[in-house]
Every structure is written in C-alpha cells, then in structure tokens.
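Take a look at the structure set out below.
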Number of protein chains: 2
Amino acid sequence: MSPCVTCTRRESGFCGAAFRTAPPRPSTNGDQQKFAAVGAGKQLLTQGKSSDYVFVLCAGWAFRYIQVSDGGRQIDRFLLPGDLFSSLSIFEEAPHFSAKALTTVQICGFARAELRERCFDDRELQSVVAQSCLSDGRDAAQLIAILGQCSAEQRIAYLLLHLMRRIAASQVVRERRYPFPLRQQHIADAVGLTPVHVSRVLSLFRERGIVALADGVLEVIDAPALERIGQL
Amino acid sequence: MSPCVTCTRRESGFCGAAFRTAPPRPSTNGDQQKFAAVGAGKQLLTQGKSSDYVFVLCAGWAFRYIQVSDGGRQIDRFLLPGDLFSSLSIFEEAPHFSAKALTTVQICGFARAELRERCFDDRELQSVVAQSCLSDGRDAAQLIAILGQCSAEQRIAYLLLHLMRRIAASQVVRERRYPFPLRQQHIADAVGLTPVHVSRVLSLFRERGIVALADGVLEVIDAPALERIGQL
DNA sequence: CGGTTAATTGATGTGGGTCAAAAGCAGTGG
DNA sequence: CCACTGCTTTTGACCCACATCAATTAACCG
C-alpha cells in the first residue's frame, strides 16, 4: 500500500480520507511507513527532537504547542483527521513545536527522505504540499492578528468559528452540533487567556444564546452573532 | 539578466545579495521582471488584491501587516533587504497581508507563473523556497507564542532581539549599534501594545541600561540582560 | 515663525489575571 | 451502594498590567 499523496478531498487535507478508513497497525511497514494508535493525552512529538518521519493524523484530535520558559504553553494549531502535523515538517528534521493527543488517535508516519525525493519529481505532490503550507501560513497569520489585536470574546469566538469550519469541512454536522473534545484549558492555551476567564466568556455566550459548549459537543445557536464577534 | 535564484548567502534570503547591488529600474523588463523604487510610507501590497508577480525587497525596510475590522493593524513581519515579501506568495495570487515601505525601498517582482514553472524542475530553487517557508513558519510560530503568553517587556525584548539578529546576519554591525527605522507605533503594532506603553517600557530599558533606542539607531548596551528577558 | 508628527509623562480606568472556595461528575474500590 | 479521589467548571473577591485620555516637550520643516 502506498501513501495516497494525490488525495485533495479536504481543503488542507493531505491523505486523510484514505487513512481515516485504513486499518491502523501498531508497527512499522518496511522503512516507508509507520502506523500507531495512541491514547488521549499522550505526547506525540517533542519540540527540537528530530525524527526521520513526517506524521499525519489519521483519526482523532491532537494539538501542536510551543513550550515557553515560564511553564506556559501556546497551542498554535489543533489537528483534525487528515491533517499533516506540519506541512513544514517535510523540510525540517526537528519540529519547532510539540504535539499531544487530545483524544485517542491514530497516526501514520512517512519516511521523510523518500517523501522529499518524490516531491522533486511529482508535481501533484508538490501542489498538495504547497496548498498545505498555504493554509497553514494563512491560519498562522490570522492567529497572530487575533492574539495581537483582539479582546477575549473575539479570540474565543474566532477559535470556535475556525474549528467549526474545519469540522464541517471534514464531516457531516447535524443540528449545528459539532464534536468538540477540547477542555477549557485548551481553549485558554490557544487564545492566550486563563481557563477561568474562558469559563466566564463561555457562560456569557451561553446566556446570550450564542453557543452552548458542554460534554464534548459545541452547539451553535446563533451563528451570525458568533461571526459578528469573531471575524477579523 | 536573470533572477539569482540560487543565492543562499543569507539564511532566509532569496536573492538579496544580487538585488541589493543591482541598479533599480523604474519599469518592467519584458514580462519576467519588474523593478521599482518607492518612497517611505507608501503602500506596496494590499491584502486580497491579486497580482501576477512575486516581490522581493532589494533595498530599504518594509513591513507586512494584517488589517483588522476595528481599525487596528497587526504587523506580522518586518522585511529586510533580500527578503521575499512572503515565501507563500509563490503559491497564491492574492496575499493575505498588506505591505508598506518603512524607508525608501527598492523592490523587484518576478512573474509568478514563470517562477512556479521553474520550481517544478529546479531542485536548487525548490530548496531555496522551502528554506524560506521554513524560516517564515518558525518566526510566525514564535510570534504566536510571544503574543499569547508573554508580558509587554518580554514582547518588546523579543522583537528587538529578533531584529538585531536579522540585521546582524545581513550586515556588519559596529559597536552594537543597529540601524533601526521603526517608530514606536510600529513596535506597538507588531507586539500588540499601545505606543504609549511601548514608550514606557523603552524608557525603563534605557534607565536600566539595557538598550537605548533613538534617532533610528538601536544601541544594545546589555545584550545578555535583553536575552534574559526576551527569550521564549 | 506656526504647523505637524513623535515621544514622554501623569492621572485614571478597566479587562483580564490571581486566589480561593465550592460544586458537579466520573472513576475506583471497599 | 456509598465514600473517596481527582479533574473540570463555575463563581466571587480582589489586584495589576496595560489602555485611555490628556497635556507637555522636542524635533523637524516649509
């Protein structure tokens, strides 16, 4: 079985569709590919620790973060099924971020050297990688703008909208209820606030009838209102 | 004259060395390249406005920013001689940012279609582009962490260090005095603070004997102290 | 010389942090 | 079945880093 490098079903997807349905195996498959299933909360990748593989999240949720010296961490991206851990990881050995599983996940690793080699010749693959870099870059720039310029309400609304769209792009959503495995602590680490303030803002959103977030599902009651708050 | 796509003298440089010394011309040169000199403060690029060219800053300073709806702007990168406006601009027609000249600048534009075509075959060029994407991506991730997790002093110290290193990489620095054309307003827009608070923090750094910033030059008196404050 | 733009400084306000307690809610094990 | 533990969320009281508003000074320039 070879990596499905031409799959472009999801906007920023890499080979998600194939791997979401592929049976995960706990071990390596030659030198080309590795599969693994990992429990919720486990460390997947560590900042600066080099690896010869490029990883794709096949199932479950995960997140990338940067550790800061005072003990805090900044989550800079949530990973959904089909996502490359980082599009740039194809070009660098040691990631500039760490990653943790949010739920139980299945991941797949490709030998970087081989992938890179193919990148030189395969235009299709080049284009997929370029698209992935693009969407990564745009998301990063938006997050920078949000963190630098926006209030707590705007930050949280932005995050919810951003995730809603990504979830909706990859699966059918019924009755505006989105699967949402983040704890408030994760939201806090992603938007640069404290968990207690996140709780306050979410309560506020709830009593204003905008969104209700509980038990791992995000229910969007007044999407236009959320967009009014959370757009750049 | 063809673009010097193989020049890798500066870490994140594109073809800076050649263009810094090349005589700028005010008009196009066939369909492949365009040169222009632009005055300080002028708009160079506008968010969402598509163009068929990929731009490189040949001389002077500029900055990229994202406009937010409430009137503020977030500067997400300062551009030094030799920098691509954005490494991702090779792959997208309309930039997700705007750009302005900080000083008088000289810029050079390459036809995107042609550059992209060459990218498919030319491994050297691919590698240069990949390196540029990498350093862009790492810088963005660091800025996200700084904005989300750090205090005003840390943010400003980080920005100063980051720029110091980039300046030092591209030119000789005498007596720890760095050319520094930013106004306090630019610093404020880059680190998500108000200009008056930037002024206060800089005064503090000055009276503590860490840095002195005046008249377009940044004098670093106690570099270790600055690093202690501004590292991630 | 007045007019403009940048930097500084002071007084006061506030969004969000910190600290702490309580409440809800899985597990877990007797 | 209930007590115990640990984790998450909520709520309240208080605090502080930074914003806001406003006045002053300095530099530059036609």
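Note on naming: letters A, B, ... go to the chains in the order of the sequence lines (proteins, then strands), and numbering restarts at 1 for each one.
Distance B/His197 NE2 to C/dG16 C1': 14 Å, rounded to the nearest Å. Rounded to whole Å, the distance from CG on A/Leu204 to C1' on D/dT11 is 14 Å. Note: CD1 (B/Ile187) to P (C/dT8) measures 10 Å, nearest angstrom.
Inter-axis angle, ends of the helix from C/dC1-D/dG30 to C/dG30-D/dC1, five pairs per end, rounded to 10 degrees: 30°.
Using modelled atom types, one side-chain atom of B/Gln43 and one backbone atom of B/Leu45 make a donor-acceptor pair closer than 3.5 Å. Of the possible polar contacts, one joining the B/Arg155 side chain to the B/Val191 backbone as a donor-acceptor pair under 3.5 Å is found. A donor-acceptor pair is defined here as one N or O able to donate and one able to accept, closer than 3.5 Å; no such pair exists between the side chain of B/Gln149 and the backbone of B/Ile146. Remark: side-chain polar atoms of B/Thr103 are paired, donor with acceptor, to backbone N or O of B/Trp61 under 3.5 angstrom.
B/Tyr53 carries B/Lys34 over the face of its six-membered ring, with the cationic atom under 6.0 Å from the centre and within 45° of the normal.
The ring pair (Phe, Tyr, Trp, His ring centres under 6.0 Å) check on B/Phe97 picks up nothing, with sequence neighbours excluded. In terms of the side-chain contact (heavy atoms from CB on, under 4.5 Å) criterion, residue partners of B/Ala94 (sequence neighbours excluded) are, by chain and number, B/Ser50. Partners of B/Glu92 by side-chain hydrogen bond (donor to acceptor under 3.5 Å, both in side chains), not counting sequence neighbours, listed by chain and number: A/Arg138, B/His96.
Heavy atoms of B/Leu193 sit under 4.0 angstrom from primed sugar atoms or phosphate atoms, though from no base atom.
Taking only side-chain nitrogens and oxygens, A/Thr194 never comes nearer than 4.0 Å to OP1 or OP2 of C/dG16.
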- Query: Which is it for B/Gln106 and B/Leu57 under the side-chain contact (heavy atoms from CB on, under 4.5 Å) test, yes or no, and what are the steps along the way?
  - Reply: CA-CA 6 Å; B/Gln106 287 164 16; B/Leu57 186 65; over 6 Å; no

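Between B/His162 and B/Tyr158, the ring planes lie parallel to each other; the angle is under 30°, not in the 30° to 60° tilted range. Ring orientation note: the planes of B/Phe55 and B/Phe85 are tilted relative to one another, at an angle of 30° to 60°.
The residue among B/Pro195 and A/Val198 whose nearest nucleotide of DNA chain C lies closer to the 5′ end is B/Pro195.
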Got a list of side-chain donor-acceptor pairs under 3.5 Å for residues 222-232 of chain B, not counting sequence neighbours?
| unit_1 | atom_1 | unit_2 | atom_2 | d |
| --- | --- | --- | --- | --- |
| B/Asp222 | OD1 | B/Ala225 | N | 3.2 |

Donor-acceptor contacts under 3.5 Å from residues 197-211 of chain B side chains, at least two apart:
| unit_1 | atom_1 | unit_2 | atom_2 | d |
| --- | --- | --- | --- | --- |
| B/Ser203 | OG | B/Ser199 | O | 2.8 |
| B/Arg206 | NH2 | B/Leu213 | O | 3.4 |
| B/Arg208 | NH2 | B/Glu153 | OE1 | 2.9 |
| B/Arg208 | NH2 | B/Glu153 | OE2 | 3.0 |

Can you name the atoms? Protein N/O to nucleotides 7-9 of chain D N/O, anything below 3.5 Å, with the distance.
| unit_1 | atom_1 | unit_2 | atom_2 | d |
| --- | --- | --- | --- | --- |
| D/dT8 | O3' | A/Arg183 | NH1 | 3.3 |
| D/dT9 | OP2 | A/Gln184 | N | 3.1 |

Sort me out a list of protein N/O and nucleotides 12-16 of chain D N/O pairs below 3.5 Å, or just none if empty.
| unit_1 | atom_1 | unit_2 | atom_2 | d |
| --- | --- | --- | --- | --- |
| D/dG12 | N7 | A/Arg200 | NH1 | 3.3 |
| D/dG12 | O6 | A/Arg200 | NH2 | 3.3 |
| D/dA13 | N6 | A/Arg200 | NH2 | 3.2 |

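Taken residue by residue, residues 212-223 of chain A places no heavy atom nearer than 4.0 Å to DNA chain D. Contacts of residues 141-161 of chain B with DNA chain C (heavy atom under 4.0 Å): none. Near DNA chain C, defined here as any heavy-atom distance below 4.0 Å, there are no residues from residues 61-73 of chain B.
Counting only residues at least two apart or on different chains, the salt bridge (Lys or Arg N to Asp or Glu O under 4.0 Å) pairs with a member in residues 63-74 of chain B are B/Arg64-B/Asp76, B/Arg64-B/Asp136, B/Arg73-B/Asp189.
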